[in-house]
Amino acid sequence: MENFEIRPEEISNIIRERIDGFDARLHVEEIGTVINVDDGVDRVYGLKNAMTSELVEFEDGTLGMVLNLEENSVGVVLLGVEPDIKEGSRVKRMGEVVKVPVGEALLGRVVDAVGRPMDEKGPIGASVHLPIERKAPGIIQRKSVHEPMQTGIKAIDSMTPIGRGQRELIVGDRKTGKTTVAIDTILNQKGRGVKCIYVAIGQKQSTIRLLQQTLIEYGAMEYTTIVAAPAYHPAPLLYMAPYAGTSMGEYFRDKGEHALIIYDDLTKQAQAYRQLSLLLRRPPGREAFPGDVFYLHSRLLERSAKLSNKLGGGSLTSLPIVETQEGDVSAYIPTNVISITDGQIYLESDLFNSGVRPAVNVGLSVSRVGGAAQLRPFKKVAGPLRISLAQYREMESFAQFGSDLDASTRKLLARGQRLVEVLKQKASEPMDEIDQILSIFSVTHGLLDNIEVKVISERVAEILAHVHHKIPDVLERIRTKNDLPRAVEEQIENCIKEFLNK
């Protein structure tokens, strides 16, 4: 048997290493106990130092968020689906507020309101996480809206233009094409360097899948993130989803890039928040909504902004969607969001049902800041558009009762019919700004007056093809110079007339 000699210096070295590696810090965990279980909301005793929006973990691994701070207990909303939590379950503080992964890794992915993947593409390798609730930029950190955010929709880009950093509400009844407008805007950002976030709140899972397939089909998913809070998810996730999506958009904004976020729709978020508030025993107000339902949306939408050059000049543009009942824009939630946003696009059921799509009501739609960002050629050709349409709508209702109309009234009605026809647009077919300008130019300059209404769309397509073929250099000049002088107008007019007189 071999003799092992133990040297004293070896022993002292081992002892010294153990002493150096010893962690004398005390790890203290604050543990609470569930004292009441309600529908997605638990009351927990023992978490005296908990913060608002802090993350907590239940003993079965389910996560929760602190939403109510009371004298002897805290109200915790659950961030899981159908967890197995009972009275007496232990709850542990995590010591940080709820955060979501952000960055390039989320592009092309479908995630839930906490940033967990829902698309079976594996874990998300995001290195940066941001809190879902963040302070909105102050007035000194902002810059006025001056860059256009093209939607590719003629009726919107011409009459209610949107700028980068703007908040433009899309409002209307159910099944009037609100989501279609939002999706077309995402499709139109291809090649423009704008990252898109689509927040689906309270929708059917099949609807979200269909939307994802549309984005994949048109090559838009590669620059888009879908934050999904389907109808089967608990109310806390529906409430949190818009805030999580906004943090993902703010990441790009703060890097000096441009992002677009769609909230579809905030009515369902407000209803989820009402459910949570009632379960947390908060006093109800109008329509049983809590008193802070205005703050719910104002603190969300104020985070969309155009940052100053000193902060990189990035922007986050938001298109919140709100659903109305029977066209009532004076209801509680619609009026709240209208007062927060920089304008609204109102989609009308009657127009939609009569085949006018997108069904934009020109009279009730307005953009309060987007005009400053509108392209100059657009301003020039679309200037009289709103008045012409309003006159046509008024005269159309009047003409139903009168049989004998004078020549000027008949001309106004004929021009209005062609105007409406030109502004019609199919879903998932956003139009380049030059083509939009040419289409509107053709009708406002009376070049389509002698063409039958039923063939207007085919003739306009032919006109666009002809002008692109004949004078591409002139169109490129409009794009680069962002101007439409009289001489260029005459060239375009002569080119269109030449085609129509063939």
message: Please tell me whether Thr246 and Tyr263 have a donor and an acceptor in their side chains that are separated by less than 3.5 angstrom.
response: yes
query: Can you name the nearest heavy-atom pair linking Pro101 to Val114, along with the distance?
result: CD-O, 3.8 Å
Minimum-distance pair of heavy atoms, taken over all atoms of Leu238 and Gln269: O-CG, 3.6 Å
- request: For a side chain to side chain contact (heavy atoms under 4.5 Å, CB included) with Asp42, tell me which candidate from Asn36, Leu78, Thr62 qualifies.
  value: Leu78
- prompt: Does the pair Glu222/Lys190 count as a salt bridge with the N-to-O cut at 4.0 Å?
  reply: no
query: Distance only, no hydrogens: is a donor on one side chain within 3.5 Å (strictly under) of an acceptor on the other, for Arg303 and Ser247?
result: yes
- prompt: With a 3.5 Å cut-off and no angle check, do the side chains of Asn188 and Thr151 form a donor-acceptor pair?
  reply: no
query: Does a side chain donor of either Arg282 or Tyr273 reach within less than 3.5 Å of an acceptor in the other side chain?
result: yes
Pair Glu326 + Arg174, salt bridge at N-O below 4.0 Å: no
message: Between Asn72 and Tyr45, do the side chains contain a donor N or O and an acceptor N or O under 3.5 Å apart?
response: no
- line: So CD of Gln166 and CG of Leu316: to nearest 0.5 Å the spacing works out to 12.5 Å
query: Looking at Asp342 and Arg167, does any basic side-chain N land under 4.0 Å from a carboxylate oxygen?
result: yes
field: Residues Arg90 and Glu30 bridged, charged N to O under 4.0 Å
entry: no
Among Gln150, Met159, Lys379, the one residue meeting side chain to side chain contact (heavy atoms under 4.5 Å, CB included) with Gln374: Lys379
- prompt: How about Gln189 and His258: does a side-chain donor come under 3.5 Å of a side-chain acceptor?
  reply: no
- request: Heavy atoms only: give me the nearest Val145-Ala373 pair and the separation to one decimal.
  value: CG1-CB, 4.2 Å
field: salt_bridge(Glu429, Lys426) N-O dist < 4.0 Å
entry: no
- prompt: Among Arg93, Lys99, Lys92, which residue meets the salt bridge (charged side-chain N to carboxylate O under 4.0 Å, His left out) test with Glu54?
  reply: Arg93
- prompt: Hey, does the Lys NZ or Arg CZ of Lys195 hover above the aromatic six-ring of Tyr223, less than 6.0 Å from the centre and inside 45° of the axis?
  reply: no
query: Looking just at side-chain N and O atoms, do Thr317 and Glu168 make a donor-acceptor pair shorter than 3.5 Å?
result: no
